[in-house]
Structure formats: C-alpha cells, structure tokens
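Notes for the one structure printed next.
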Amino acid sequence: MKKLFKTLLLSVLLLLGAADAMAQFQNGKVYRIVCSGTTTVSLSANALSDVIATSTSTTDKAQQWYVAKSGSYYTFRNLATGRYLKSTSGEWGMTEESNNFTVESRNGNYIIRGANDSYNEYGYMHKDGYNNIVSWEPNNGNTQWTPYTVDYTTAQLQAIWTEVENLIPSSATIE
C-alpha cells in the first residue's frame, strides 16, 4: 500500500510538472489568462490594437502576457506584439504605453479592471458571447480569469523582446 501511494504521488507530481500550473499573478512572470466561464478560450492580442478571447493554445505568444507589478497595480504586456493591455472607459485594447490594472481574487479566480477606469461596477474585463473583450460586472463567470504560468528563462524573454522590437522599424508610426 505504501509503495502504491508513493507511485501515485510521484505520478501526480510529474503530471503537474509537465502541464503549466494555475497560478497567482506575480511580478516578472508570463501567463496565459484563461476565461473561467468559458475555459477553452484565453485572452489574446488581435493585431496591434485589439484584444479578444480565442481558442486556447499553449504555444501562441499572442496569448502570453508578461506581468509587472508595482505596488498594488499590474501591467500586462503581450509577447507577440510587445504592446500593453489597456482599458479606457470600458473599451479594451492594446497600446504602446503601459497601463495599470487592479487584480482581485474572486471565487478562486481573478477579476481585472483598469486602475483609473471609472466605468462604475461594469468596468471589469469580460469575454462576451462573441469572444470580444468588453467591460462587465465582476460576478459573471466570463469576467473571472485564471492565470496559468508559462515558463521562460531571462535569456528567452530577452530574445522575445528583441524579436518583437525588430518587427517594427524605429521610424514607423503606429496608430
């Protein structure tokens, strides 16, 4: 019995190590951010200025977000575009400048809201029925998100940022 328990425990630990684990947002880490109400979709960059929810892929950099934390605020930078998540008056998208967000625990998941967004109780990041990212109230399952860690070394992240910066010539203007 003891040997069987050790074998089962080792198997579970190996499986957990093989899959990316659900996590809490931490400074300097990369995450896939999965919709808790529709667990088959993740937050994704859609071109340079828009975000959507799309079928989850563990390898798509458009679905990977570098999180920086300063005090009680977070920023989310996309690995495919190098752009930051933004929310202004309930409108969600991407921008070149970092934007602050608040992140609160809710029912074992997280709700995300623009730190300066005064969109009343409906200012939280939400996946609507068409996979658009819009603002909604915090108690809806599609307004709650689960982060999954994506592991990169410092050197790998630096290579990704260099690649992203080289996609757009420094003389280019992005609207």
Side-chain angles (χ1 to χ4, degrees), residues 20-39 41-54 56-128 131-154 156-161 164-165 174:
D20 56 357
M22 186 173 72
Q24 179 179 2
F25 290 114
Q26 294 179 13
N27 184 48
K29 300 282 185 181
V30 176
Y31 299 92
R32 271 186 310 105
I33 304 171
V34 177
C35 180
S36 300
T38 310
T39 58
V41 298
S42 296
L43 180 66
S44 181
N46 184 26
L48 290 176
S49 62
D50 196 16
V51 289
I52 60 170
T54 191
T56 297
S57 166
T58 59
T59 59
D60 185 0
K61 286 188 179 66
Q63 294 181 25
Q64 296 175 9
W65 301 86
Y66 177 84
V67 173
K69 184 176 183 197
S70 178
S72 60
Y73 297 113
Y74 296 81
T75 61
F76 297 88
R77 187 176 185 198
N78 187 265
L79 267 64
T81 66
R83 291 183 154 229
Y84 294 89
L85 183 64
K86 74 168 184 166
S87 174
T88 307
S89 299
E91 298 291 326
W92 292 81
M94 305 281 290
T95 184
E96 291 180 9
E97 299 84 31
S98 64
N99 284 249
N100 288 329
F101 291 86
T102 60
V103 175
E104 302 170 35
S105 179
R106 181 70 52 105
N107 301 323
N109 302 301
Y110 294 91
I111 54 175
I112 300 168
R113 179 183 179 132
N116 298 319
D117 204 339
S118 59
Y119 200 58
N120 301 321
E121 258 316 288
Y122 290 89
Y124 296 90
M125 185 170 75
H126 174 84
K127 183 209 80 70
D128 73 7
N131 289 339
N132 297 307
I133 301 301
V134 298
S135 288
W136 199 248
E137 59 91 15
N139 295 315
N140 186 289
N142 284 348
T143 311
Q144 298 174 25
W145 301 85
T146 306
Y148 290 86
T149 305
V150 181
D151 290 321
Y152 285 104
T153 66
T154 302
Q156 288 171 320
L157 270 177
Q158 185 58 49
I160 290 168
W161 297 138
V164 167
E165 289 170 8
I174 301 173

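Scope of the values below: all heavy atoms of this structure, side chains included, with no hydrogens, waters or symmetry mates.
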_Of R106, M125, H126, the residue whose pairing with Q144 passes side-chain contact (heavy atoms from CB on, under 4.5 Å)_ = R106
*So which of Y73, Y84, F76 actually passes side-chain contact (heavy atoms from CB on, under 4.5 Å) with F101?*
F76
Taking all atoms of both residues into account, what is the closest heavy-atom pair of [X] and [Y], and its distance?
{"X": "R32", "Y": "S57", "value": "CD-O, 3.4 Å"}
{"X": "T54", "Y": "S44", "value": "CG2-CB, 3.4 Å"}
{"X": "K69", "Y": "N27", "value": "N-OD1, 2.8 Å"}
{"X": "R77", "Y": "G82", "value": "NE-O, 2.8 Å"}
{"X": "V34", "Y": "S42", "value": "CG2-OG, 3.4 Å"}
{"X": "T143", "Y": "E137", "value": "OG1-O, 3.0 Å"}

*Is the shortest heavy-atom distance from the side chain of T56 to the side chain of Q63 under 4.5 Å?*
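Side-chain contact under 4.5 Å: yes.
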*Taking C-beta and beyond as the side chain, do T102 and R113 meet within less than 4.5 Å on heavy atoms?*
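Side chain of T102 against side chain of R113, heavy atoms only: contact under 4.5 Å found.
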*Determine, using ring centers only, whether Y124 and W136 are less than 6.0 Å apart.*
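Ring-ring flag for W136/Y124: false, centres at least 6.0 Å apart.
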*Aromatic ring proximity W161/Y152, centre distance under 6.0 Å*: no
Without swapping roles, check the side chain of [X] against the backbone of [Y] for a donor-acceptor pair under 3.5 Å.
{"X": "N78", "Y": "A80", "value": "yes"}
{"X": "N46", "Y": "D50", "value": "no"}
{"X": "S135", "Y": "G90", "value": "yes"}
{"X": "Y31", "Y": "Q24", "value": "yes"}

*asked:* I'd like to know whether CD of E104 has more than 12 heavy-atom contacts from other residues, nucleotides or ligands below 6.0 angstrom.
replied: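 Atom CD in E104 is crowded, with more than 12 foreign heavy atoms closer than 6.0 Å.
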*Applying side chain to side chain donor-acceptor pair (under 3.5 Å), name anything that partners D60, two or more places apart in sequence or on another chain.*
none
Can you measure from [atom1] ([X]) to [atom2] ([Y]) and round to the nearest 0.5 angstrom?
{"X": "N131", "Y": "L43", "atom1": "CG", "atom2": "CG", "answer": "11.0 Å"}
{"X": "I133", "Y": "C35", "atom1": "CD1", "atom2": "SG", "answer": "7.5 Å"}
{"X": "N100", "Y": "T75", "atom1": "CG", "atom2": "OG1", "answer": "7.0 Å"}
{"X": "Q156", "Y": "L79", "atom1": "CD", "atom2": "CG", "answer": "10.5 Å"}
{"X": "N99", "Y": "R83", "atom1": "CG", "atom2": "CZ", "answer": "11.5 Å"}

*Under 3.5 Å, is there a donor-acceptor pair between the N142 and T38 side chains?*
yes
*Candidate pair N139 and I111, rule side chain to side chain contact (heavy atoms under 4.5 Å, CB included), full reasoning*: CA-CA 9 Å; N139 295 315; I111 54 175; over 6 Å; no
*Please name the residue in the list Y110, W65, W145 that meets the ring pair (Phe, Tyr, Trp, His ring centres under 6.0 Å) test with F25.*
Y110
